[in-house]
Amino acid sequence: QVLLKESGGGLVQAGGSLRLSCTSSGRTLSSYVVGWFRQASGQEREFVSQIGHDYRTDYADPVKGRFTISRVNAKNTVYLQMSSLKPEDTAVYFCGITSRFTTIPDVVDFGAWGQGTQVTVSS
């Protein structure tokens, strides 16, 4: 069973930066496409970014140019570097895995969600 764990969230002022980490116990993340999603209070979980086996990346329009996803297979970790944060980025951030890189990622295609990590951006 693949268990994912997100970390690195916190409280930051608008314009600041955070780096989130997604790690796994039990499986090798390099075998999967890893996606980051977020869920704001009262909202549905939405796609943020994904990285493929070949390091191909994809981003949701609201975060393009501000967020960078990367993976370090030797550490079995996928990162989400978030810069120029805005109050509207406030949410719980989750990572999930899937076997196929798609051009229209859907939350239902991903699984093995962790508990998430809270990101709060103050204005």
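All residue numbers in this chain count up from 1 along the given sequence.
Here the side chain of Ser30 pairs no donor or acceptor atom with the backbone of Thr28 at under 3.5 angstrom. Side-chain atoms of Thr98 come within 3.5 Å of backbone N or O of Asp109 as a donor-acceptor pair.
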Subject >> Tyr59 vs Val48, side-chain contact (heavy atoms from CB on, under 4.5 Å): CA-CA, chis, key distance, verdict >> reply: CA-CA 6 Å; Tyr59 299 92; Val48 175; 6.0 Å; no

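Looking only at side-chain heavy atoms (C-beta outward), Leu20 and Met82 come within less than 4.5 Å of each other. Between Asp54 and Phe101, the closest side-chain pair of non-hydrogen atoms is not below 4.5 Å. Between Val119 and Val92, the closest side-chain pair of non-hydrogen atoms is not below 4.5 Å. Contact of the Val33 side chain with the Arg100 side chain is not registered, since no non-hydrogen atoms from C-beta on lie closer than 4.5 Å. Contact annotation: the side chain of Leu80 never approaches that of Thr68 to less than 4.5 Å [non-hydrogen atoms, C-beta and beyond]. Contact of the Glu88 side chain with the Thr90 side chain is not registered, since no non-hydrogen atoms from C-beta on lie closer than 4.5 Å.
Here OG of Ser21 is found 12.0 Å from CG of Asn76. Values are rounded to the nearest 0.5 Å. Between the CZ atom in Arg71 and the CG atom in Leu29 there is a gap of 6.5 Å [rounded to 0.5 Å]. Distance CZ/Arg66 to OG/Ser17: 10.5 Å, rounded to 0.5 Å. The distance from the CD atom of Glu6 to the SG atom of Cys95 is 4.0 Å, given to the nearest 0.5 Å. Residue Thr23 holds its OG1 atom at 6.5 Å from NZ of Lys5, rounded to the nearest 0.5 Å. Within the model, atoms CD of Glu46 and CZ of Phe37 stand 10.0 Å from one another, a figure rounded to the nearest 0.5 Å.
Between Phe67 and Tyr93, the angle of the ring planes lies from 30° to 60°, which puts this pair in the tilted group.
Shortest non-hydrogen contact noted between Leu4 and Ser24 is CD2-CB, 3.8 Å.
Both tests pass for Arg19 against the ring of Tyr79: distance under 6.0 Å to the centre and angle within 45° of the axis. Arg38 forms no cation-pi arrangement with Phe94, by the criterion of a distance under 6.0 Å to the ring centre and an angle within 45° of the ring axis.
By the rule that hydrophobic residues join a cluster once side-chain heavy atoms approach within less than 4.5 Å of another member, Leu85 and Phe47 end up as members of separate clusters. The hydrophobic clustering, which links ILVMFWY residues whose side-chain heavy atoms are closer than 4.5 Å, places Ile97 and Ile104 apart. Transitive grouping of hydrophobic side chains (ILVMFWY, heavy atoms separated by less than 4.5 Å) keeps Tyr55 and Val72 in distinct clusters. Under the 4.5 Å side-chain heavy-atom criterion for Ile, Leu, Val, Met, Phe, Trp and Tyr, Ile51 and Phe110 are members of distinct hydrophobic clusters.
Every pair passing side-chain hydrogen bond (donor to acceptor under 3.5 Å, both in side chains) that includes a residue from residues 112-123 is listed here, sequence neighbours excluded: Gln118-Thr120.
Look at Lys64 and Asp61 and you find a salt bridge, because one of the NZ, NE, NH1 or NH2 atoms lies within 4.0 Å of a carboxylate O, short of that distance.
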